[in-house]
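Here is the structure we will look at, set down as structure tokens.
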There are 2 protein chains.
Amino acid sequence: MTEAGETVNGRSARPTSKDVAQAAGVSQSTVSLVLGRKWTGRVSPATARAVQETAERLGYRPNAAARNLRLGTTRTVLLVIPTITAPFFGAVYIGAARVAARNGLAVVVYPPDDAGPAGSPFAAPQDAIDGIIASSMTLDALRGFGPAPLVMLDSGPAAAGAAPAVDFAVEDGMRAVVAHLAALGHRRFGHVAAAVDEWTFRARGDAAAAAVAALPGGTLDRAAGRIEVHSAKEAAGRLLDLPHRPTALICDDDLLAAGAYKAARARGLEIPRDLSVTGFDDVEIARALEPELTTVRLPAQELGAQGMSALLELLEGGRPPSRALPGELVVRTSTAPPPAGPG
Amino acid sequence: MTEAGETVNGRSARPTSKDVAQAAGVSQSTVSLVLGRKWTGRVSPATARAVQETAERLGYRPNAAARNLRLGTTRTVLLVIPTITAPFFGAVYIGAARVAARNGLAVVVYPPDDAGPAGSPFAAPQDAIDGIIASSMTLDALRGFGPAPLVMLDSGPAAAGAAPAVDFAVEDGMRAVVAHLAALGHRRFGHVAAAVDEWTFRARGDAAAAAVAALPGGTLDRAAGRIEVHSAKEAAGRLLDLPHRPTALICDDDLLAAGAYKAARARGLEIPRDLSVTGFDDVEIARALEPELTTVRLPAQELGAQGMSALLELLEGGRPPSRALPGELVVRTSTAPPPAGPG
DNA sequence: CTGAAAGCGCTTACAG
DNA sequence: CTGAAAGCGCTTACAG
């Protein structure tokens, strides 16, 4: 291993544009022009080729700090997400990072854990960024970040009014869930809600309520839990212990559905024979559950990718339009007609 | 929203140390000294205080690019992991990022998805980093990254020979699993192996084989699958279809165990009555499964944290020792004595 | 105790 | 077509 700062023969191990210039017998500015792809019409093709070859041979890579200082730019953007451990946000990150890298940008994730920016012991990276993409939060939570080009993801119309936004059409997804269950014959629903004050969950809850209300004879009870298996089990249990218990549990999230499975099993209810259960998101756990979970697939990676594209457009002075990405109902084996009988 | 480069009253919106100097009536070097905390004995306390107050009032933050250029440092390190979507690596990231932030370092994750560095379309971020932490890979996979201070995580003794390393004591963990099952009375084991050529999985497999071999009457069959539910189900199924089928399935990973659950259910086997199953890692899915999974908890966050600490030490010229973090057997309800009978 | 100056490695007018 | 020079905003000898 050779350390970055090490010198070989009294010379810096990492060549600069000056070194390339010297080796190629041209001026440093010519090197910069050529490698910055601004040479056509200003440098002869032969010289350009020589410079390129010399740079390649010496393994030259421009110094990012110098470039950033000169240009007043950092080529890095901040991705603000509630948590990186949830597979959903991992996918958002991948989508964003992929588009970013294609455009020579780096993505730094913040905050690195579940602690919010406020009161966080973490150094504030917002000093060295060109823009911000925030997912699944309110504009309010972004106050600590100061002014910077901003794109909001999965944050609803309020955020969309203040910044270019990419959302999911979660209401459509939820309506598809209710329609699917209604078509199977269900009328008594339980909503296992995420106890998280975010637009995306309010929208899911409102859409479920509206869709059930539009159903002749439809009823909906609700219990909220944290997005965590045991809290969800407890919430779902409350619904299942109702005197007139629901025949279908609509969960705001796949992990919540895992908790609903536990609550059902604890009561000797078999899914989907005695109880139908649905999730939302379609993360890996949906297919790990037994029976596999009927859920709404949210294109998380696409969300990140489109968010980054919008930020890129914003950075270039454009006005990217806000948009909504459709979800897709994925019917698996956790849903079936309600049990016949007195229910 | 105000863009970073915007000017107000013909003046750059973001103050520099020169602005602070002018406002405080001192030289720019004094500002730098004071804010860099190198002023004691060189600047009078009164002046220092005045500078600090002025900087605060103007909302001054040093320009990172200028600082990096001058210092030849970037204050960012690369975290190279196989994938960010696996909850395990999310935890590693959090641990590393937490320690990094406490020391004013940023962490950039690479590669942003499952594609390896080789042939990846992603820009190479290794041009602007101070060091690298790589988790769960071979030194070989790091060839593209050139020389940089390096710490290896969860990569075994071969890596530890070349760089400071933090590993898990996975062999101990696997021995604890076998001992636990043996104490329950199991003798016929199946090993659902991860089809991943990494030290950590080879070590798990070898430790399981050795521990079972040391058991009077112990037998071990093996089947490998990708770390993905359906592939795991298929691998576990092969083991369960053996003429003399195992009474316990030892899985290299919790997700593999989820597949084993499916294989068992598909054959009408009830866990743990007819079959015991164990996992490894203790990620969220372990508790989402029904019954909850007996597994080995690997302190992933601690791995990231200790890795970053080691890198910090390395960056300061030290020689951090390699070390191994103990796992912990977590006994839940997926393990029980083997069924009595001809088995 | 304080300031003027050099220089990190780039990009980009500007002059020729 | 090519080069000399300025300057981005810092840190750190150096001079006083």
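Just so it is clear, the structure is predicted and the values come from calculations on it, not from any experiment. Here is the naming used below: chain letters follow the sequence lines, and residue numbers restart at 1 for every chain.
Counting all heavy atoms, side chain and backbone alike, Ser135(B) lies closest to Ser155(B) at C-OG, 4.3 Å. When every heavy atom of Val20(A) is checked against every heavy atom of Leu58(A), the shortest pair comes out as CA-CD1, 4.0 Å. Residues Trp39(A) and Pro45(A) approach most closely at CZ3-CA, 3.8 Å, considering heavy atoms. Shown here for Ser322(A) and Ala163(A), the closest heavy-atom pair between the two residues is OG-O, 4.0 Å.
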Passes side-chain contact (heavy atoms from CB on, under 4.5 Å), Arg98(A) versus Arg102(A)? Steps please.
-> CA-CA 6 Å; Arg98(A) 187 167 281 170; Arg102(A) 209 177 291 142; 3.5 Å; yes
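Contacts between residues 30-55 of chain A and DNA chain C, counted as heavy-atom distances below 4.0 Å, involve Ser32(A), Leu33(A), Lys38(A).
One finds the CZ atom of Arg42(A) at 10.0 Å from the OG atom of Ser29(A) (value rounded to the nearest 0.5 Å).
Atom CZ in Arg67(A) sits about 10 Å away from atom P in dC10(C), given to the nearest Å. Atom CG in Leu71(B) sits roughly 12 Å away from atom P in dG9(C) (whole-Å rounding). Following rounding to the nearest Å, Asn63(A) (CG) and dG7(C) (P) show an atom-to-atom distance of 17 Å.
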Output a table of nitrogen or oxygen pairs between the protein and nucleotides 4-6 of chain D separated by less than 3.5 Å.
unit_1, atom_1, unit_2, atom_2, d
dA4(D), N7, Ser29(A), OG, 3.4
dA4(D), N6, Ser29(A), OG, 3.0

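Between the side chain of Asp130(A) and the backbone N or O of Thr73(A) there is no donor-acceptor pair closer than 3.5 Å. Judged purely by atom type and a 3.5 angstrom limit, Asn63(A) uses its side chain to pair as donor or acceptor with the backbone of Ala65(A). For Asp19(B) (side chain) and Thr16(B) (main-chain N/O), a donor-acceptor pair under 3.5 Å exists by modelled atom type.
Along DNA chain C, the nucleotide closest to Ala66(B) and the one closest to Val26(B) are compared, and the more 5′ of them pairs with Val26(B).
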Represent DNA chain D in dot-bracket notation, 5' to 3'. Only Watson-Crick or G-U wobble pairs with both distances under 3.5 Å count; pseudoknot-style crossings use [ ] and interstrand partners use |.
-> |||.||||||||.|||
